[in-house]
Number of protein chains: 2
Amino acid sequence: MNPASSNLTNNATAASGAVSPTAGAPATPVAAAASTPVTAVASSNTTTAMPVASAAPTFSPLYQQIKALITQSLQSGEWKPGELIPSEVELAGRFKVSQGTVRKAIDELAAENLVMRRQGKGTFVSTHHEARAHFRFLRLVPDEGVPHYPESKFIEVKRVRAPADVARLMDLKSGDAVIFIKRVQYFDGVPTIVEELWLPGLIFKGLTAERLVEYKGPMYGLFETEFGTRMIRASEQIRAVCADAGAAQLLNIDLGTPLLSSERVSFTYGDKPVELRRGLYLTSRHHYQNELS
Amino acid sequence: MNPASSNLTNNATAASGAVSPTAGAPATPVAAAASTPVTAVASSNTTTAMPVASAAPTFSPLYQQIKALITQSLQSGEWKPGELIPSEVELAGRFKVSQGTVRKAIDELAAENLVMRRQGKGTFVSTHHEARAHFRFLRLVPDEGVPHYPESKFIEVKRVRAPADVARLMDLKSGDAVIFIKRVQYFDGVPTIVEELWLPGLIFKGLTAERLVEYKGPMYGLFETEFGTRMIRASEQIRAVCADAGAAQLLNIDLGTPLLSSERVSFTYGDKPVELRRGLYLTSRHHYQNELS
DNA sequence: GAGTGGTCTAGACCACCCG
DNA sequence: GGGTGGTCTAGACCACTCG
């Protein structure tokens, strides 16, 4: 089905259309070829009678509606990570809006790292399989030398029922099936991070220790390629704690050594949480780098 | 002097102008009323002979040049924090470009938090004297309850010579005059942050303990109002450490309690470092909140 | 009602990439 | 050479604010 038949509502058109379709605006960009009619929406207190179709409908700029439509296509997998999406001109034709409007929609998607523009080539769906993306979520960098990706050693991978606190953070029900992963990460052979991950069992069905081990590189790349789940953003809470016996042993440090504790919830499209990650970082030769702006 | 007489270079015009000023482009937006002529700049390998005036000149989109000019006006204090800057239409007239080009320049400045747009009112120079801005650089939030600003108690304020490590981070010479400040910050009466600040003596001449004490609210507000120095962005390195005797006493905690250590360098216009801040955060009832995107 | 930023359009040309 | 995103313009109308 052609996305052009979506219920886009040009608020400007809706408002002036009720009075009199004057000369000025090019107007009515949507209804033209669409199969479903435009749903007129009263935007505010401008005029009077409006043929209000639906009750409490959407209300946003056209480019936001376009952005939402494009996001839907990204979410549905119509365009997969790494792939080229249709050109601005084509999307403009499809949605029956001007190229400038599509451009503004894509501008925001690019700012949110959902897509990447490349002049002369086109617009691509972002992917975690890029050098650029590798350090977007990895903020622990060496005090000296260039940032690089650590090696992983998996300690444990198992299916369990979600504890209450985990379920709450991941928007699951307590007792729902989740996959639990525990690993240690090494920088230049030095154990530096011990991490516990919780993933919804429903989405990550079939994730085994073998697949994790044989996969090199960021786990988000694996999640994206093998399970069709792309991490979009994450929220992190950081504290200082003392190493307990378990962490001390795994990181080969003294009991009580201060460690950075990070609790991260990652989200995919629609702000849906799909990962809880609890990490302990040894910060004697590395630090957590943050840019405030 | 009117900024319109700046050496703006419309790269597009420069290129096609050398061939033949065809009908299409509106072209030559700058030279019109300006006193200094347009400096034509060869952009790449498009055409051949160009009346290259200067040797290795600027080369950037028009809107970037406009952005740079506006930034200069911000930096020079022509428009002060909190003030209204000229409207887009007026700036377009002043710079002899279209409103759309000015708009794109201001869009970027707004994205960088240098200015704030308010529909119907105008565009204002950002200031640290706003509720919105208070939490831009304060990432320590309570585990429960709403974020709020801590109270400060100043321990020490003195003029000293910059130690080597401080000088290096602040782009000063070792031994240059700096102001050293030490304070403790309280959330709901509980000492939570102990902080040491280093400021260039030249810029913050006249900063005394009295003025710090009588000033309520974020220090960046004071710096902006009293010393004309606006913090634009900051870079932070975070670690976990153990409380030493000094910190333990000031924060009323046991020796060895794990603390978050933050080293922050703040920058003003032109990426010039103007503050070094070293803090120790007690994270038993608070956490450092970070959004990854 | 006048002025401001916000949205939308249409059309031109550029820089870049690839076959 | 043809397609893509990037820049720039001109002009329209909207939403919002204030006197």
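Every heavy atom of this structure was used, including side-chain atoms; hydrogens, water molecules and symmetry mates were not. The chains referred to below are lettered A, B, ... by the order of the sequence lines, with proteins before strands, and numbering in each begins at 1.
For A:S87, counting side-chain heavy atoms from C-beta on, the closest listed nucleotide (D:dG5, D:dC18, C:dC8) is D:dG5. Distance from the side chain of A:R117 is smallest for D:dG6 among the nucleotides D:dT17, D:dG6, C:dA10. With C:dC8, C:dG5, C:dC16 as the choices, the nucleotide that has an atom nearest any side-chain atom of A:Y63 turns out to be C:dC8. Closest to the side chain of B:R103, out of C:dC16, C:dG5, D:dT9, is C:dG5. Closest to the A:V97 side chain, of the nucleotides C:dG5, D:dT9, C:dT9, is C:dT9. Distances from the side chain of B:T123 to the nucleotides C:dT7, C:dG5, D:dT9 place C:dG5 closest.
Residue A:T101 has no polar side-chain atom (N or O) positioned under 4.0 Å from OP1 or OP2 of C:dC8. Within the 4.0 Å cut-off from OP1 or OP2 of D:dC18, at least one side-chain nitrogen or oxygen of B:K121 is found. In this model, the phosphate group of D:dT7 is approached by a side-chain N or O of B:K104 to a distance below 4.0 Å at OP1 or OP2.
Within 6.0 Å of CD in B:E226 there are more than 12 heavy atoms belonging to other residues, nucleotides or ligands. In this structure, A:E112 places its CD atom where more than 12 heavy-atom neighbours from other residues, nucleotides or ligands lie under 6.0 Å away.
The distance between atom CD of B:Q65 and atom P of D:dC8, rounded to the nearest whole Å, is 8 Å. Rounded to whole angstrom, the span from the CD1 atom of A:I85 across to the P atom of D:dT4 amounts to 12 Å. Nucleotide D:dG3 holds its C1' atom 12 Å from the CD atom of A:E90, rounded to whole Å. Atom C1' of nucleotide D:dA15 and atom CG of A:L62 are separated by 15 Å, given to the nearest angstrom. Rounding to whole angstrom units, NZ of residue B:K67 and P of D:dT7 are separated by 11 Å. We find that CG of B:L84 is positioned 13 Å from C1' of D:dC18, with the value rounded to whole Å. If you measure from atom CD of B:Q99 to atom P of D:dC13, you get 15 Å, rounded to the nearest angstrom. Between the P atom of C:dC8 and the CG atom of B:D107 lies a distance of 14 Å, rounded to the nearest Å.
If you check the side chains of B:S235 and A:Q289, you find a donor sitting under 3.5 Å from an acceptor. For the residue pair B:E83 and B:T127, no side-chain donor N or O sits within less than 3.5 Å of a side-chain acceptor on the partner.
Partners of B:K104 by side-chain hydrogen bond (donor to acceptor under 3.5 Å, both in side chains), not counting sequence neighbours: none found. Evaluation of the ring-ring contact (aromatic ring centres under 6.0 Å, His included) rule for A:H128 yields A:F137, A:Y220 as partners, not counting sequence neighbours.
Between A:F135 and A:Y149, the ring planes are perpendicular. Angles over 60° get that label, and only those under 30° would be called parallel.
B:E88 comes within 4.0 angstrom of sugar-phosphate atoms only, judged by non-hydrogen atoms across all strands, and of no base.
For the helix from C:dG1-D:dC18 to C:dC18-D:dG1, the angle separating the two terminal helix axes comes to 10°, with each axis derived from five pairs and the value rounded to 10°.
Heavy atoms only, all atoms of each residue included: A:L292 and B:Y288 are closest at CD2-OH, 4.0 Å.
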